[in-house]
Amino acid sequence: MSEGHSTYTPTSGLGRWFDARLPLPRLVYDSFVAYPVPRNLNYFWAFGGILSIMLVAQILTGIVLAMHYVSDTHLAFGSVEKIMRDVNSGWLLRYMHSNGASFFFIAVYLHIMRGLYYGSYKAPRELLWILGCIIYLLMMATGFMGYVLPWGQMSFWGATVITGFFTAIPLVGTWIQELLLGGFAVDNPTLNRFFALHYLLPFMIAGVVVLHVWALHVVGQNNPTGIEVKSKTDTVAFTPYATVKDAFGMLVFLLVFAYFIFYMPNYLGHPDNYTVANPLKTPAHIVPEWYFLPFYAILRAITFNIGPINSKLGGVLAMFGSIAVLFVVPWLDTSKVRSAVYRPWYKLFFWIFVADAIFLGWLGSRPAEGSYVAMAQVATLYYFAFFLVIMPLLGLIETPRRLPNSITEAVLEKNRGSGSAHPEGAAASPETRG
Amino acid sequence: MSATDTQDPNRRDFLYVATGMAGVVGAGAFAWPFIDQMRPDASTLALSTVEVDVSSLTPGTSLVVKWRGKPVVVRNRTPEEMKSGEDVKLSDLKDPIARNANLPSDAPATDANRTTPGKEAWMVMVQVCTHLGCIPLGQEGEFGGWFCPCHGSVYDTAGRIRHGPAPENMAIPVFKFISDTKVLIG
């Protein structure tokens, strides 16, 4: 779509001079002003912009926090408390950063769900989807290492458990774990390298975001019908239509974000992390940050050996597999129809999947005992079955609903449907409505 | 010269492959120090032995020392704990190997093999769960040994895994009694 001719015409002499030497204003104009977007995008398309804002906000607050933080096991916990009590506005910046991580993940989960619901991963958007999965992986690594920095009990034991995953690898596991830790247990070398990497990774995320947006502008946006843009009437200009809609979405999102920062800043955290790390005492109940809970539940669901794979390696493989499976979703889904709007059965299984993922998250916060284990095993089974069985089979046996011929037709049909109760409205020219 | 150049593979193919291989070896040699620096450094490795005074331990008490950043428990076991450890059949164990750094790597996990000869009452053990590295609680769980609160692994009075997700018995480090009241770990 963006491969079409540019409509940018510099109005000033300086603009023409600049355009002939570095056409940066032209790139911005073509990408964020004249760029044609499908006319039927709903608010779920606002999360791309929201995620960009969150990345910038995290980098800004993170850089200033790094000016006050000390990555030494003896000083780290105290330096975070100093930020909270002594540094001017430090409490606000830290709460913005710690809650910002949670809201970054809320936005990314809604963004991924949007993609799964409307089939945004299907050809020709496979690479766009895979780049998104890479960003998500980098976000998880960044979030995990950031949580270690305050050097509380959950920081320490979360790091111990998560780096412990690597010891499940046969033969080289312990060597890899010691390479990651820089010692035999989580200690000062670990904290230092995690701080260095926590500072680095967001810039790598920004780099992959550039590729993600580039790929998006080559293939164009998907839309709620999943039908490709066919003519000019299917689209509207990015500015003002998408700009205003995105801005409103961001505003609502940031309002909720602000509510958490000012009224419940520790709601998404864990009180044990306000106790300084103690390598000789494990908290009674270790839980990761809420955004890792579904994967934590999958890890703990494998309590049995599978052939030559023992339960520990099996759990780690299942957990990594639950993320790895996202990368191959474009090839697992065999349906010719993109959007769940026209796939009655897929829609049903999709919402069961969403409920299943939330259920897994809840199970991850429970202790791994009794009936919780069995429930986690059933939920894990559905998680994998959704991708590996339902997606491939459903595309072959499901009868989709009739697809409109174009986005314009879908929009007009919808308007006619809602207008039928008001005959005078239906008589008016529907094309004039957005 | 021109005759040899047209043969397949010719001199130029050889140069390409040789240059490429030298490049790969060079890149590997350049990358190595960047990986190598991440390994435990000399000061970390230097902390590899500790001497513990155990004269205060009466049967049924234990103490914990930090060795290589990990807790090592020294426990003077009660006769009942020793008996319950000795009564276990090897076939009931999830991990039948002793995991004792002082013994061959295939030694069976008998109660005696989890301790040191002549000091069978004493357990010297890295008190780290072999699942994901949490610290099990002592004298808890259905076997009266150790219980890991993180993911529910249950160990017996000889620190052997009996139930739960942990794959191995807790590790016995290299140690020896240098006198009746002193243990050297590492």
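Atoms considered below: every heavy atom in the structure, side chains included; atoms not considered: hydrogens, waters and symmetry mates. Every chain is numbered from 1, with letters handed out A, B, ... down the list of sequences.
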With a 6.0 Å cut-off (strictly less than), is the heavy-atom count around [atom1] of [X], excluding the residue itself, greater than 12?
X	atom1	answer
Met204(A)	CE	no
Phe304(A)	CZ	yes
Asp180(B)	CG	no
Lys176(B)	NZ	no

(request) Just give me the residue among Gly69(B), Pro136(B), Cys134(B) that pairs up with chain A most often, heavy atom to heavy atom, under 4.5 Å. (result)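 Among Gly69(B), Pro136(B), Cys134(B), the one with the most close pairs to chain A is Cys134(B).
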(request) With a 4.5 Å cut-off on heavy-atom pairs, point out which of Ile135(B), Leu45(B), Val128(B) contacts chain A the most. (result) Ile135(B)
Compile a table of inter-chain donor-acceptor pairs under 3.5 Å between chain B and chain A, counting both main-chain and side-chain atoms.
unit_1, atom_1, unit_2, atom_2, d
Met38(B), O, Arg193(A), NH1, 2.9
Met38(B), O, Arg193(A), NH2, 3.2
Lys70(B), NZ, Phe184(A), O, 3.4
Thr130(B), O, Lys312(A), NZ, 3.0
His131(B), O, Lys312(A), NZ, 3.0
Ile135(B), N, Thr282(A), OG1, 2.7
His151(B), NE2, Tyr296(A), OH, 2.8
Pro165(B), O, Ser311(A), OG, 3.2

(request) Side chain from CB out, backbone as N, CA, C, O: work out which of these in Leu137(B) comes under 4.5 Å of a heavy atom of chain A, or both, or neither. (result) neither
[X] versus chain B, heavy atoms under 4.5 Å apart: side chain, backbone, both or neither?
X	answer
Phe165(A)	both
Pro283(A)	backbone
Leu299(A)	side chain

(request) Return the minimal non-hydrogen interatomic distance between Pro279(A) and Pro71(B), and the atom names on each side. (result)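 Taking Pro279(A) first and Pro71(B) second, the nearest heavy atoms are O-CD, 4.2 Å.
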